[in-house]
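In what follows, chains are A, B, ... by sequence order, proteins preceding strands, each numbered from 1.
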Number of protein chains: 2
Amino acid sequence: MEALTDRQSEVLRLIRELTEVSGYPPTRAEIAEKMGFRSVNAAEQHLRALEKKGAIDISSGASRGIRVRDARSGGKLGRLLELPVIGRVAAGAPILAEENIQARYQLDPNLFTPRADYLLRVRGMSMRDAGILEGDLVAVHKTPEARSGQIVIVRLGDEVTVKRLRRRGHSVQLEPENPEFEPIEVDARSEALVIEGIAVGVIRSGKSL
Amino acid sequence: MEALTDRQSEVLRLIRELTEVSGYPPTRAEIAEKMGFRSVNAAEQHLRALEKKGAIDISSGASRGIRVRDARSGGKLGRLLELPVIGRVAAGAPILAEENIQARYQLDPNLFTPRADYLLRVRGMSMRDAGILEGDLVAVHKTPEARSGQIVIVRLGDEVTVKRLRRRGHSVQLEPENPEFEPIEVDARSEALVIEGIAVGVIRSGKSL
DNA sequence: CCATATAGTGGCAATATATACAGTATGCGA
DNA sequence: TCGCATACTGTATATATTGCCACTATATGG
């Protein structure tokens, strides 16, 4: 992040404070008022400068669309894990790309073994009989190594899917746990198959219950 | 805070999630879109209800003027919950008695709505088709109030069990989610029946996978 | 001297947003 | 049966807010 001027730092601090107090970011008008500007455009200009220097993100068109960047930096707090929740995975993008992250939750590191690296939101009912339902969060340990019989998170082309792994010599079988779905057979050396990790836990919350 | 309905809880959870991800609270239109409402007014009504019940504060006139009460604000991490894990429940003892506690895990308070008070280790497969398997931890919100259709944690004499609740006038039916088990019918006024709480989440870790 | 960044005033149009009003439908307790 | 809470659709409007334009002024580096 580029160095901020004194005035820009003041504005940034004000944005932090107002967000903290009210629960939502300020508008240009609110910033101008608190800073003593008689023109809202002064606030607008400061926001542009702050965005350009990487201090904040601005969502265009959205009211109060200001997000202070390093607000949640690091991700790790004390002995706790902060795990990102991955929703729909954009084609081509790596799973942990920022655009795929829907939320972040802090979880006790002792809960899952081996350590969970992220949570993946499940789509579809193909693992129903393993007690993994649509909307559930699967805790994923990131590793390319998986043994036969383990539940794995794999990428098949542009699709990310959760299935049980069976190794059969050179070929790999991805088994659903639901008789309504068909197993998938892939060549283990295929470029299209990438093992992203193994499932180490499941969390269900809210609606699916 | 008054008890929320299922739908209201979903809306609240969505607000938390959207705030978390974008850095600012959603508009009525955004809530409506994500919830699948075709009218923004549906979102408005839910917000009013949530405010009335004390779950959120609304600043009138301000865009995105929603503040979730007792949640982390402005990217700051709220306090964590330390939830006890309850194993076999000793006859006669209250569920949360020290002797029943097997472990404690720290969990993100935003993970479950309404708030989870403890985790109960599930025995048996009677809720298999609801995706709740033997060994799973059910997150329980402690309340004597449960509506028909909710998954409840009840005490029947000396047994603590998880079932789906159906109200039928004076009598209460406890339905398993597994055709191999029989529903249990109890008189609602029976002394033997105590509703300990409702299930707000499920966590599975390790071997059961 | 010129381009560029900083730091403002002042005004305005397009659109994002909150919020009122008019309905429909269901379940629940009195 | 009535009233009330819940859970929505659909329309409309006032206003909150963004984002652009024109303009002034100071400072800094090439």
Query raised in the report: Under 4.0 Å: is that the gap between some side-chain N or O of A:S39 and OP1 or OP2 of C:dG8?
Result: no
Query raised in the report: Roughly how many Å is it from CZ in A:F37 to P in C:dT6, rounded to a whole number?
Result: 14 Å
**Report entry** Any donor-acceptor N or O pair under 3.5 Å, side chains B:R67, A:S22
**Finding:** no
Report task. Assign A:R48 to base, sugar-phosphate, or nothing according to its heavy-atom contacts below 4.0 angstrom with the strands shown. Result -> sugar-phosphate
**Report entry** Earlier contact from the 5' end, DNA chain D, for B:Q8 and A:I58
**Finding:** B:Q8
Requested in this report: In whole angstrom, give the distance that lies between atom CD of B:E51 and atom P of C:dA18.
Outcome: 13 Å
Requested in this report: Answer yes or no: is there an ion pair linking A:E177 with A:R164, defined by an N-O contact shorter than 4.0 Å?
Outcome: yes
Query raised in the report: Whole-Å distance between C:dA18 C1' and B:I31 CD1?
Result: 12 Å
Query raised in the report: A:S63 side chain: which of D:dT18, C:dT6, D:dC8 is closest?
Result: D:dT18
Query raised in the report: Side chains of B:Q173 and B:R168: donor-acceptor distance under 3.5 Å anywhere?
Result: yes
Report task. Take the protein atom CG of B:L18 and the nucleotide atom P of C:dT17, then report the distance between them rounded to whole Å. Result -> 13 Å
Query raised in the report: If only side-chain N and O atoms of A:K52 are considered, is one of them under 4.0 Å from the OP1 or OP2 phosphate oxygen of C:dA5?
Result: yes
Requested in this report: Starting from P on D:dT6, measure out to CZ on B:R147 and report it in whole angstrom.
Outcome: 10 Å
Requested in this report: To the nearest Å, give me how far apart OH (A:Y24) and C1' (C:dA18) are.
Outcome: 13 Å
Query raised in the report: Can you list the steps and then say if A:S59 with B:Y24 is a side chain to side chain donor-acceptor pair (under 3.5 Å)?
Result: CA-CA 10 Å; A:S59 329; B:Y24 40 85; 2.5 Å; yes
Requested in this report: For the residue pair B:R13 and A:S205, confirm or rule out a side-chain donor-acceptor distance under 3.5 Å.
Outcome: yes
Query raised in the report: Are B:R38 and D:dC8 close enough that a side-chain N or O sits under 4.0 Å from OP1 or OP2?
Result: no
Query raised in the report: For B:V40 and B:G61, take the nucleotide of DNA chain D holding the closest heavy atom to each; which residue's nucleotide lies nearer the 5' end?
Result: B:V40
Query - Phosphate OP1/OP2 of D:dG19: any A:Q45 side-chain N/O under 4.0 Å - result: no
Query raised in the report: Quick one: is C:dG8 close enough that its OP1 or OP2 comes under 4.0 Å of any side-chain N or O from A:R7?
Result: yes
Report summary line: Here the distance between atom P of C:dT9 and atom CD of A:E33, to the nearest Å, is 13 Å
Query raised in the report: With sugar-phosphate meaning primed atoms plus P, OP1 and OP2, does A:A29 contact a base, only sugar-phosphate, or nothing at under 4.0 Å between heavy atoms?
Result: nothing
Report summary line: Here the distance between atom P of C:dA14 and atom CZ of A:R28, to the nearest Å, is 19 Å
Query raised in the report: Is there a donor and acceptor pair, one atom on the side chain of A:N41 and one on the base of C:dG11, closer than 3.5 Å?
Result: no
Query raised in the report: Looking only at side-chain N and O atoms, does B:T5 come under 4.0 Å of OP1 or OP2 in D:dT6?
Result: no
